[in-house]
Amino acid sequence: MKLLAVRRLLRIQRVVIRYRLDDLLFALPLPWFLLAVRFALPWRWFPRKTLTLTRGARLRLALQDLGPIFIKFGQILSTRRDLLPEDIADELMLLQDRVPPFDSQKSMALIEEQLGQKISEVFSRFDVEPLASASVAQVHAAQLKSGEEVVVKVIRPGLKPIIAQDLAWLFILARAAEKLSADARLLHPVDVVSDYEKTIYDELDLLREAANASQLKRNFEGSPLLYVPQVYWDWCRPKVLVMERIYGIQVTDLATLADQRTDMKMLAERGVEIFFTQVFRDSFFHADMHPGNIFVSTVNPWSPQYIAIDCGIVGSLTPQDQDYLARNLFAFFKRDYRRVAQLHIDSGWVPAETKLNEFEAAIRTVCEPIFEKPLKDISFGQVLMRLFQTARRFNMEVQPQLVLLQKTLLNIEGLGRQLYPDLDLWNTAQPFLERWMRERVSPKTLLGNLHSQVEQLPHLANMTRDLLERMSQPHAADPPAPWRQRKDDWFLRLLGCAHLGGGAVLATGGPLQALGYWPAGVMIAVGLYLVVRR
């Protein structure tokens, strides 16, 4: 793995040099001594053909060459037009579904290998030219023998070695950061990379994606908010997924959405509602909601419905994290900063010795300026930077289990900014949270919780009975219970006459157990007699 990691580092260096990505760094307002470094770089002494490309195109091509982890990073960046220049954001949008496809013959051979049948035996029509291509897979349009229009998704070959090399470097950097920086330790970089490792490998298993899509479809069955295509399980394999073909408008195609007179305000508000419904009602959320995976139905533009595809990455929260997050957001919307500060201390996200008043004042200073403002007037980049500074000041630890949620929230915010910049995020989300908090304490919910507790009673009764039986009739091979161990075990072991702590003593009690002690008793008695006599 170390040799592969070194080779991968050299590969990254070659790509950086080929596309002159160092130009993007030196274009920043850096100190003079850092700017002087560029004259010492050998590759800058020779002209390169790639300099004829725009900076956005060079960045996009470099991310494409470096593979899926870097492509996904570019996809996330593409949704943050508030943080990027327009030309770079436009180029990075091409990474969402226009990554160069791999050879179609390899794709068809892999499909036949996975299905165990010829393509002509399964499909009445199969389009050799890919319909779309992304970082880890590409999609072909087809028609089943039974007549359904479908898409066939197939994993790119040879991805695992590349991902393993990139992850090896991420782990090296994360461990080094934890050792060298106290601030980095608060971010738990190793845990974050471990979570990302699990996520990226899960995405390579299309059976998992099929199961996620089926679950998400059930959660929104009959909902006007979100539609999820049907999965055809008979033709799904670890590297091949067959699902219903959908027809919609890509969510970033604002011109087409405007032509059909889509209600953009409702579309943006429903996007926020879908996010909070997935997180708090279902605790099962689509965690890869970049624009390439989101479409809008053409059926009712005055009541727009989202269509979600590519459910390879999903997230969930424990009931504890779900509860703390909801209460934090609810207090935040109420501008109850003292409550927010107290919840962070109670949850252990900041040290228990944190001064409540100081933490409350710091949160108020960061959050108060962004209330009652539409998305277009809020700089989330500055807000996040100030929040990180506050977190560092109070030794607040980043929660790795919330990283996917934060990534998804950034995607949603980026989409909302494009669809309807005047969206009031707070007024849209607050009613949903209030309704959810009321439902948590409703008689129906409390009765359901009581019913689940009652269902556990037989299991608890069996556990109690087994424990009592073991206490009354311990097995000979079991070590003695802690309350039955003699305090002088160390002395008896020293004499070599009994092995109470090692589990070799007869634990049945009575005369048999007493026989194990008589040599020690005789020696003690003799010793006492000699002392008294002397």
Side-chain angles (χ1 to χ4, degrees), residues 80 82-83 181-188 192 268-269 271-273 275-276 279-280 317 320-414 416-417 420-438 440-441:
R80 301 312 311 267
D82 57 318
L83 304 179
S181 171
D183 290 340
R185 283 193 288 274
L186 296 176
L187 300 176
H188 298 288
V192 171
E269 290 175 347
V272 175
E273 186 174 355
F275 171 76
F276 281 95
V279 172
F280 292 107
L317 300 178
Q320 292 78 16
D321 286 333
Q322 196 180 31
D323 181 66
Y324 272 116
L325 185 63
R327 289 159 64 187
N328 268 286
L329 287 173
F330 192 67
F332 178 72
F333 289 142
K334 294 289 187 182
R335 303 195 194 188
D336 187 354
Y337 302 115
R338 190 174 188 83
R339 179 63 174 160
V340 173
Q342 187 64 58
L343 285 169
H344 276 68
I345 295 174
D346 292 343
S347 65
W349 292 1
V350 294
E353 62 272 13
T354 300
K355 293 182 179 179
L356 184 62
N357 291 340
E358 292 184 6
F359 193 36
E360 175 192 359
I363 295 174
R364 181 185 296 110
T365 302
V366 174
C367 298
E368 188 67 23
I370 67 175
F371 269 106
E372 297 181 353
K373 288 185 178 181
L375 283 177
K376 66 179 180 180
D377 295 334
I378 300 173
S379 174
F380 275 92
Q382 294 182 4
V383 172
L384 286 176
M385 183 177 66
R386 296 188 64 186
L387 282 174
F388 287 145
Q389 292 172 349
T390 302
R392 184 162 54 249
R393 175 185 167 192
F394 289 93
N395 294 324
M396 179 176 171
E397 298 188 7
V398 170
Q399 304 301 306
Q401 73 275 18
L402 300 182
V403 169
L404 271 182
L405 182 67
Q406 294 164 0
K407 166 181 173 287
T408 305
L409 188 56
L410 285 177
N411 281 338
I412 293 294
E413 184 267 321
R417 185 182 297 277
Y420 189 71
D422 292 319
L423 175 69
D424 190 328
L425 185 63
W426 324 123
N427 289 335
T428 304
Q430 184 174 347
F432 177 88
L433 277 178
E434 290 177 343
R435 184 170 66 251
W436 184 78
M437 296 288 282
R438 287 195 303 268
R440 287 179 66 249
V441 296

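All values below come from the heavy atoms of this structure, side chains included, with hydrogens, waters and symmetry mates left out. This one's a predicted model, so the numbers in the text were calculated from it and none came from an experiment.
- Shown here are the side chain to side chain contact (heavy atoms under 4.5 Å, CB included) partners of Glu360, two or more places apart in sequence or in another chain: Tyr337, Arg338, Ala341, Asn357, Arg364.
- Here the straight-line distance linking atom CD1 of Ile363 with atom NE2 of His344 works out to 5.5 Å at 0.5 Å rounding.
- Val340 and Ala331 get closest at one heavy-atom pair: CG2-CB, 3.7 Å.
- When the side-chain hydrogen bond (donor to acceptor under 3.5 Å, both in side chains) test is applied to Asp346, the partners found at least two apart in sequence or on another chain are Gln342.
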